[in-house]
2 protein chains.
Amino acid sequence: MNPNDLNERKLQILQAIIADFITTGEPVGSRSLSKSHDMGISPATIRNEMSDLEDMGYLTHPHTSAGRVPSDKAYRLYVDELMDTSELPEEDKQKIRSKLLESRNELDSTIEHAAELLSDMTNLTSFVLMPRKDESKLKYINFLPVDSNTVVLMIVAEDGQVMNRAIRLSVPYTEENLQLMSKVMTHNYRGKSISAVMAMDIIDSFTNDMQSLSGLAQDVVPSFLKTLEKMLNADLVMNGYSNIFSLPEFSTDMQKTQNFLKMLEDKSKLTDVIVNRDKGVMITIGDENSEDMKDLSLITADYRVNGELVGRLGVIGPTRMKYGKVTSVIKYISDNISQTFELKENNDVKDDSNDDGSADEQDS
Amino acid sequence: MNPNDLNERKLQILQAIIADFITTGEPVGSRSLSKSHDMGISPATIRNEMSDLEDMGYLTHPHTSAGRVPSDKAYRLYVDELMDTSELPEEDKQKIRSKLLESRNELDSTIEHAAELLSDMTNLTSFVLMPRKDESKLKYINFLPVDSNTVVLMIVAEDGQVMNRAIRLSVPYTEENLQLMSKVMTHNYRGKSISAVMAMDIIDSFTNDMQSLSGLAQDVVPSFLKTLEKMLNADLVMNGYSNIFSLPEFSTDMQKTQNFLKMLEDKSKLTDVIVNRDKGVMITIGDENSEDMKDLSLITADYRVNGELVGRLGVIGPTRMKYGKVTSVIKYISDNISQTFELKENNDVKDDSNDDGSADEQDS
DNA sequence: GTTAGCACTCAGGTGTTGAGAGTGCTAACA
DNA sequence: TGTTAGCACTCTCAACACCTGAGTGCTAAC
């Protein structure tokens, strides 16, 4: 069953079938194949080879008198060995670069643009996992008064992540209490990782150490924990889910479309799947995925910020997708993000107070 | 054309037709109507009345030999005059109350739960507009160092809204510069409304007043403006878009489904529509909406926090929806949110002399 | 004014048929 | 022995006719 069982001609035929099926979505017959790809052999010969390929599990048959359709195994072989992984045309590269440059100063916008680019250029549903790091450490915790019974909890992590949440209090508070609370919590948790703090017995430490705050703590601590949890949970941005309608096999099969869209609606499940994938470019095809994605393919890649792996982006679509093109686009986009947010070594935080004369630069 | 043209019997027949059509989705015929609603007249009489109602624009005819279907005008009459607006059953009320209580200390979670409840209980697509206020005033602006070329901009408004964004700098910065920048911007914009600040000529004031910061300002100001814009833009949360598949008229008509989902995908347009609706409970039916929603109905209501109008929630679905039930659910949920976040008068802030000291909170 | 009766209409389901695209097998060929 | 032409067979799909059921509009009688 390993690819070496396949002679040169079988490979050539398989490749041609996959290429045809990817573009048309129709089962490929021996006669039409021999017409479209001139490989100097008759349809009868192709039929014999096809029959062998079917026995080996690379092709299937919707019904006796239909053409052949590639199996998941065939796509796997195609992706591993046969696929055309040529460079992206300069035009596409240009489009990606200019769109990402638009917002090169802001990671968040860049990420959103990346998702748009990805779905536009592949005509599939794209997703981007926003940068979240489990090990990121807390920097400070702050409470801001809003009105007489509402405060905003703000948590800032060392890596710049900021999360906030409005909390309604059932007991009165004073500004002094809030500031004390901020100080105590910052002091207790600063420099600790989010998961470490979540594992601590917070309520207990409060009621013991700070009697005066224990009333406040009752209201605040559950929200604090929920907010930490939210900081851990990766945030999934999706784009172009209605692209699915442009594919004939979906726009004629309501059930399939419905399953697809329902699957996308369960974001937390999808996030789980994406988070748990391998690093680098990863392609999973059909039944290599879990049950509810067993006739879909998933391609993901990572992007880095300052050399550190922070997020993941990719597409999801039918197994019949243009693997070569899609992979190139994903790779190019992720590399481009990583490059844009590359650490510039000569650009360090200076601790001295004098300004550096840059003021003159835009005086006109 | 006013409803007074309709005698009692016509109203009764119209109401019966609408009720039947809303539950079945099938055109209603005279014979089946006389069977299901015993109103003591024969199908022939009903036919005559139906014919009159059709002439008056309340009913239409998909084709000669089909039953009658209510027009948008009929739904309007139904909603205004005929609809059963009975109280929600205690069971449903209980369900809403307990779900909303789960997160009564946090507005954000409550809002999300409300959207879930709404789509679950109506089997439609629900949306909630997160609280955003155009007139909210800035409280302070803060920059946090992340790494040698990244800082986080954090904007806090008086109403507790916090927005942040990572900014990549092209010039080096010092901690002192950041703190100076925070102080200057906070001093300049504090107490001003977001829209007022956006209207100011920010770059100019920087280059004039603060030569030393102008290099930083080049990078920071565009992001600052974008972030303010984001604070103004209401954030739309949606839920249950795949509920549409449970309706026969959508699950058999791919084109309709596709239009619906594509319409939902353009969030900014939908947000615009929702923002610009009347206060209170508002129902718009079919062609009362804009072109791309002309065979849908939209029901919205507002919710308040501390007596102040802050957000809006609602559902979108086919004109054939259970207006009575849906309206009751929306009303009950919005009232419940408003009640939960009611101002408690006896619960005041004791001291609000100094609330921008938070900029130095970070190095405690 | 109401109703029964009747002719008429139309969508949708069923059955048939033929075309087209495909396969598998066999026998002949190089 | 691998390759190919030929042929019988299979299956989908679109077109077509046909029938049925639900509905309408009209008319005449109650």
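Residue numbers start from 1 in every chain, and the chains themselves are labelled A, B, ... in the order their sequence lines are given, proteins ahead of strands.
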Just by distance, no angles: are the side chains of B/T125 and B/N239 close enough, under 3.5 Å, to form a donor-acceptor pair?
no

Taking only N and O in the side chain of A/T45, is any of them less than 4.0 Å away from OP1 or OP2 of D/dT4?
yes

Under 4.0 Å from OP1 or OP2 of C/dT23: is there any side-chain N or O of A/S51 that close?
no

What is the distance, to the nearest angstrom, from the CZ atom on B/R47 to the C1' atom on C/dT3?
10 Å

Taking the side chain of B/S42 as its heavy atoms from C-beta onward, which of D/dG25, C/dA4, C/dT23 lies nearest to it?
C/dA4

Nearest-Å distance, CD1 (B/I13) to P (D/dT24)?
12 Å

Roughly how many Å is it from CG in A/L59 to P in C/dG24, rounded to a whole number?
11 Å

Under 4.0 angstrom, heavy atoms only, what part of the nucleic acid is B/A44 near: base, sugar-phosphate, or nothing?
base

Classify the side-chain pair B/D72/B/T319 by whether it contains a donor and acceptor separated by less than 3.5 Å.
no

Distance, rounded to the nearest Å, where A/R9 contributes CZ and D/dG2 contributes P
10 Å

Rounded off to whole Å, could you give me the NE2-to-C1' distance for the A/H63 and C/dG22 pair?
8 Å

Steps toward salt bridge (charged side-chain N to carboxylate O under 4.0 Å, His left out) verdict (A/R9, A/E49):
CA-CA 8 Å; A/R9 195 170 69 184; A/E49 297 286 34; 2.6 Å; yes

Please confirm whether the ring centroid of A/Y75 lies under 6.0 Å from the ring centroid of A/Y323.
yes

Within less than 4.0 Å of OP1 or OP2 of D/dC9, is there a side-chain N or O belonging to A/T64?
no

Only pairs with both distances under 3.5 Å count, Watson-Crick or wobble alike; so what is the partner of D/dA28 in this structure?
C/dT3

How long is the line joining CD of B/E249 and C1' of C/dA11, in whole Å?
18 Å

Rounded to whole Å, CD1 of A/I46 lies from P of D/dT4 at a distance of 9 Å

Side-chain donor-acceptor pair under 3.5 Å between B/T45 and B/S42, yes or no?
yes

Kindly indicate whether the side chain of B/R31 and the base of D/dG23 share any N or O donor-acceptor pair separated by less than 3.5 Å?
no

So which nucleotide does D/dT10 pair with, by the Watson-Crick or G-U wobble rule with both distances under 3.5 Å?
C/dA21

For the side chain of B/S65 and the base of C/dT9, is some donor closer than 3.5 Å to an acceptor across the two?
yes

Here the distance between atom P of D/dT27 and atom CG of B/N48, to the nearest Å, is 12 Å

